[in-house]
Amino acid sequence: MTKPITGFSKLSKSKKIDWIVDTYFSNPVEATAVLKQYWNSNDKLQLLHDEFIENTISNYYLPLGVAPNFLINGKLHTIPMAIEESSVVAAASKAAKFWLERGGFKTKVISTTKIGQVHFNFKGDFEKLKQFFNQVKPKLIADTEGITKNMKKRGGGILDIELRDKTLEIENYYQLHASFETLNAMGANFINSCLEQFAKTFKTEALSFNLFSEEEKHIDIIMSILSNYVPDCLVRAEVSCPVEDLSENKTVSGEAFAKKFIQAVSIAEVEPYRAVTHNKGVMNGIDAVVLATGNDFRAVEAGVHAYAAKNGKYSSLTHAKIENGIFSFWMEIPLALGTVGGLTGLHPLVKLALEMLHKPSAKELMQIVAVAGLAQNFAALRSLTTTGIQEGHMKMHLMNILNQFGANFEEKQILTDYFKNHPISHTAVTEALNKLRVSSEK
């Protein structure tokens, strides 16, 4: 039975690895070798990666791919994507090429407001609490001057603070609901620092507010934290063209394709079981770029999926229509992103990715990321409504199956050619590889 360990975080990296491999692995030498083979040979760079998080024992690699030919507001981009799933980069690239010849993607940032909240309990008269809030609000802002000074110089800072009564949901529960503009920073540390100062000032000033009773003076701060739900940090991405221009071959007309495509989107708008998978396709594109640019994809995921349910039912993030002979496909999505701070100034590949994107501002990155999501969803729906999703996906997955069985270069070449004209499945690939190996042994 494995025993708990004390003081693990204080151990050196090598001692941590020694304990892990001796405790959990039947072959400690092999396990150690696997961990060390992913270390960077540059000691300084490896130390940088070690210090990103706690208890680091190795690096975990994901492929960094690129999807070229994205025309966004008349400017050409090659988009970096960090992702492990087969066919995502290929699908995004195909969608980019498709719309490159039809005017490209159009985007605009609708708003960039972010939210943070101080959650607290107050037992007493709400009217007196409102009077106290109105009196203390200027001091809440003034006391954060040391935190907001540099942000204000760049044009950002605290936009507003509201007192919100939430006692219908939870007894005695209230909020200070604050809005922020953080410009090119994602702003989590900035917002949280402001909120913690709000809480400190609010609690302290309440002790000397004359209208409060002794019990009312003792406001109970529960927590101070930003929200990853950012419905007012919104970007729109869209594509459009004449319906007849959608046709790429003589077998399916542009009108027939458009109608089937729109119906597929409509299904995702009304059916949550389909909407979840539909939106996962959107996030394939979004997460890959968010990760490649050093942003917080978990925060983005949480905020986006909450937005998809903003009307009380989980629904499609994307929408489509035909109007006056024009096919339009679009999405409005909340994205809180940054191009300064965090990993953006530390991780060499993040800096490389941002330079590849022409060193975008946070607003420009919002638009690029939204386009990646829209393109990915377009590619997925196009496959689903024409050839089926598996044809393209399994072609990309073929290499994973071959690598799983240790296929050599020659075997990969032969079987890649063979499966150009045969259905791909795990069983079919296994049988074909075994047959090839048997014949080569004769």
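None of these values were measured; they are calculated from a predicted model. For this chain, numbers begin at 1 and follow the sequence in order.
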Task: side chain to side chain contact (heavy atoms under 4.5 Å, CB included) between F133 and I161, intermediate numbers included - done: CA-CA 10 Å; F133 171 73; I161 312 172; 4.0 Å; yes
Open item on the list: More than 12 heavy atoms of other residues, nucleotides or ligands under 6.0 Å from NZ of K203: yes or no?
Closed with: yes
TODO: Please indicate whether K412 has more than 12 foreign heavy atoms, meaning atoms of other residues, nucleotides or ligands, lying under 6.0 Å from its NZ.
DONE: yes
Test item: [X] and [Y] side chains (from C-beta on) under 4.5 Å apart, heavy atoms:
{"X": "I333", "Y": "L374", "result": "no"}
{"X": "I221", "Y": "K200", "result": "no"}
{"X": "I170", "Y": "H119", "result": "no"}
{"X": "K152", "Y": "E145", "result": "yes"}
{"X": "V66", "Y": "M81", "result": "no"}

- [ ] Please report the C-alpha distance between K280 and N284 in whole Å, then the side-chain angles of each, then the deciding distance to 0.1 Å, and finally whether the side-chain hydrogen bond (donor to acceptor under 3.5 Å, both in side chains) criterion is met.
- [x] CA-CA 6 Å; K280 188 267 182 184; N284 277 343; 3.1 Å; yes
Task: Proximity of F198 and F120 rings by center, below 6.0 Å - done: no
TODO: Name all residues meeting the salt bridge (charged side-chain N to carboxylate O under 4.0 Å, His left out) criterion together with E431; count only those two or more places apart in sequence or in a different chain, and write none if there are none.
DONE: none
Open item on the list: Can you list everything that forms a salt bridge (charged side-chain N to carboxylate O under 4.0 Å, His left out) with K321? Sequence neighbours excluded, please.
Closed with: E323
Treating [X] as the side-chain partner and [Y] as the backbone partner, does any N or O pair qualify as donor plus acceptor under 3.5 Å?
{"X": "N279", "Y": "V282", "value": "no"}
{"X": "T293", "Y": "V290", "value": "yes"}
{"X": "R102", "Y": "D245", "value": "yes"}
{"X": "E364", "Y": "S361", "value": "yes"}
{"X": "N228", "Y": "G303", "value": "no"}

Ring-plane angle category for [X] and [Y], please: parallel below 30°, perpendicular beyond 60°, tilted otherwise.
{"X": "W99", "Y": "F327", "answer": "parallel"}
{"X": "Y174", "Y": "F126", "answer": "parallel"}
{"X": "F122", "Y": "F212", "answer": "tilted"}

Task: Qualifying residues under side chain to side chain contact (heavy atoms under 4.5 Å, CB included), relative to K310, sequence neighbours excluded - done: Y229, Y307
